[in-house]
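What's counted below: heavy atoms across the whole structure, side chains too, no hydrogens, waters or symmetry copies. Just so you know, these numbers come straight off a predicted model, no measurement behind them.
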Number of protein chains: 2
Amino acid sequence: MTARHERASAILAVSTVIFALRTDEETAGVPQVWLPLVRRIREPFEGRWALPGGPLRVGEDLAYAAARTLNDTTGLTPSYLEQLYAFGDADRSPGAERVVSVVYWALVRSEEAERASVGENVAWFPADDLPELAFDHNVIVQYALWRLRTKMEYSRIAHAFLGERFTLAQLRAVHEAVLGKALDPANFRRTIEASGTVVATDEYLTGTPHRPPRLYRYNDSIDLADAGPLPRQQHPFEGRSA
Amino acid sequence: MTARHERASAILAVSTVIFALRTDEETAGVPQVWLPLVRRIREPFEGRWALPGGPLRVGEDLAYAAARTLNDTTGLTPSYLEQLYAFGDADRSPGAERVVSVVYWALVRSEEAERASVGENVAWFPADDLPELAFDHNVIVQYALWRLRTKMEYSRIAHAFLGERFTLAQLRAVHEAVLGKALDPANFRRTIEASGTVVATDEYLTGTPHRPPRLYRYNDSIDLADAGPLPRQQHPFEGRSA
DNA sequence: TCAAAAGTGTTCTCAGTACACCCATGG
DNA sequence: CCATGGGTGTACTGAGAACACTTTTGA
């Protein structure tokens with residue numbers, strides 16, 4: 001009949017797909033989407049790369065656990081964090097007990113991404129050229145990428161890759177990197193300005209070899225109105241510097 | 001550091017928000033969105049209405065568990081089932097141990113909804129006029145309703161409320177009920193026909209007090225392409241008749 | 001022949017796109 | 001003064017909204 005107080009027979013974990021823009025040496029200045037992965041140090045899939053994550057602690061909210069575990073493993077503090085999907089198919093962890101993973105996706109600013117701890121067991125990979133990952137993590141990353149691209153087109157998340165002030169060219173570069181195609185500068189400018197998501201400041205970026213572009217800032221007063229009626233929890237975890 | 005093999009300190013359950021269109025006596029033929037709820041028979045929130053659901057069984061996929069528990073409690077078989085969100089805030093189950101709920105939302109055809117078991121502990125409610133529910137279920141229903149409305153505008157889920165053959169007026173009535181506003185019949189027809197989501201049959205619905213409308217059917221050959229790269233699992237649970 | 005819904009045609013608006021062109025700065 | 005990206009103007013296109021109009025049935 002209805003729910004008994006049996007224990008659900010599953011381990012509950014939280015993982016996060018972290019996206020940042022990085023400029024590869026090869027791609028010569030054109031930023032691309034990268035993500036940090038951690039190497040597994042035990043079976044199953046020992047030695048394989050996997051999404052950062054960990055178990056949910058007592059009294060810890062899901063979003064908080066996502067932010068905490070990603071910080072523990074990569075040292076990063078995300079500027080955007082959103083739940084992606086709960087993966088719980090019975091066969092996703094062959095041999096071992098079934099794990100239900102509540103997966104989040106996160107964005108980090110480029111400056112923040114520089115500071116990330118890298119080492120033997122943490123490394124960055126281009127999002128559309130990954131090795132074979134542990135568990136079903138390849139599928140998960142694909143889905144997260146799809147969500148990132150889809151949401152980029154109707155939402156305001158691009159700002160989460162940038163700092164406080166930015167030029168429209170920088171904002172456009174974010175869109176281009178995520179969508180993987182060039183955008184018309186003139187039309188992009190008009191679309192963004194019409195949306196009211198950014199506000200022009202009276203500052204300009206100097207030192208360029210051409211006309212100095214105006215700096216803009218994020219317009220906080222605009223309601224996102226695209227995440228549905230779920231209560232906002234924009235920054236569930238304000239970084240704990242080591 | 002990374003995930004230990006500790007047990008996550010949470011009970012894992014699956015619940016479902018079930019939507020169907022019903023024609024109230026009061027609203028005189030205009031269908032509205034309704035949903036079935038079950039009455040809780042133990043603490044916490046004993047006596048309150050709640051979403052149907054239950055614990056996840058060993059070796060059972062999440063979507064399957066959603067379809068099974070909703071069938072167990074309401075007797076319904078959904079024509080559409082999709083994951084909504086994982087709710088796991090530490091304080092959502094006051095007093096009791098924290099429960100992480102993976103919530104699904106489902107659509108059932110009107111004929112199927114008629115057959116639903118109703119009784120002392122199962123009843124239907126209009127979706128936008130609910131009593132105070134157990135746990136955070138009011139918020140969950142609000143979110144599911146938002147998803148239903150959002151998805152209705154760019155996807156093909158409306159068919160899940162109807163049978164094999166239907167008129168465009170019936171399809172339009174589904175949209176109108178979900179969106180809560182009237183739509184222009186002429187423009188609706190053109191939009192739907194242009195989308196290629198339905199195919200005209202050479203049958204007509206007779207017995208109307210006016211010109212008999214043509215019957216259409218769902219176009220299976222069109223890819224939805226709106227759910228992202230997640231593997232399809234359209235009908236995880238093919239009803240188990242009691 | 002009339003009411004009512006099925007179905008068609010026409011126009012308007014607006015967002016997105018393509019692309020020509022001027023502006024301002026460092027070298 | 002010139003190369004380069006910043007920034008503006010303008011025209012084209014397609015989707016959606018508004019609404020007038022014709023068609024086909026039962027009563």
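The separation between B:Leu215 atom CG and C:dA6 atom P is 12 Å, rounded to whole Å. Rounded to an integer number of Å, the gap from OH of B:Tyr204 to P of C:dG7 is 7 Å. Computed from coordinates, the B:Arg189 CZ to D:dA18 P distance equals 18 Å when rounded to whole Å. As rounded to whole Å, 14 Å separates atom P of C:dA6 from atom CG of B:Leu183. When the C1' atom of D:dG6 is taken as reference, atom CD of A:Glu193 falls 12 Å away, rounded to whole Å. Nucleotide D:dT24 holds its P atom 12 Å from the CZ atom of B:Arg214, rounded to whole Å. If you take OH of B:Tyr216 and P of C:dA6, they are 11 Å apart, rounded to a whole angstrom. Atoms CG (B:Leu179) and C1' (D:dA17) sit 15 Å apart, rounded to a whole Å.
Of the inter-residue distances, the one linking A:Arg189 atom CZ with A:Leu168 atom CG reads 5.0 Å to the nearest 0.5 angstrom. Taken to the nearest 0.5 Å, the CG atom of A:Leu130 stands 6.5 Å off from the CG atom of A:Leu37. The CD atom of B:Glu82 sits 3.5 Å away from the NZ atom of B:Lys151 when rounded to the nearest 0.5 Å.
Between A:Leu107 and A:Leu148, some side-chain heavy-atom pair lies under the 4.5 Å cut-off.
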Report, as a single string ordered 5' to 3', how protein heavy atoms within less than 4.0 Å touch nucleotides 16-26 of chain C: B base, S sugar-phosphate only, - not at all. -BBB---BBBS
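Ring orientation note: the planes of A:Trp146 and A:Tyr143 are close to parallel, at an angle under 30° on the 30°/60° scale.
Screening A:Gln170, A:Arg109, A:Met152 for a side chain to side chain contact (heavy atoms under 4.5 Å, CB included) with A:Phe161, the sole residue that qualifies is A:Met152. With A:Tyr218 as the fixed residue, the side chain to side chain donor-acceptor pair (under 3.5 Å) test singles out one of A:Arg165, A:Arg156, A:Glu164: A:Arg156.
Between B:Leu51 and B:Val38, the shortest heavy-atom contact is O-CG2, 4.0 Å.
Using a 4.0 Å cutoff on non-hydrogen atoms, the parts of residues 158-172 of chain B near DNA chain C are B:Ala169, B:Arg172, ordered by number.
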If you look only at distance, which donor and acceptor atoms sit under 3.5 Å apart when one is on a side chain in residues 190-199 of chain A and the other is two or more places apart or in another chain?
residue: A:Arg190; atom: NH2; partner: A:Asn187; partner atom: OD1; Å: 3.0
residue: A:Thr191; atom: OG1; partner: A:Asn187; partner atom: O; Å: 2.8
residue: A:Glu193; atom: OE2; partner: A:Tyr216; partner atom: OH; Å: 3.1
residue: A:Ser195; atom: OG; partner: A:Ile192; partner atom: O; Å: 2.6
residue: A:Ser195; atom: OG; partner: A:Thr197; partner atom: N; Å: 3.3
residue: A:Ser195; atom: OG; partner: A:Thr197; partner atom: OG1; Å: 3.0

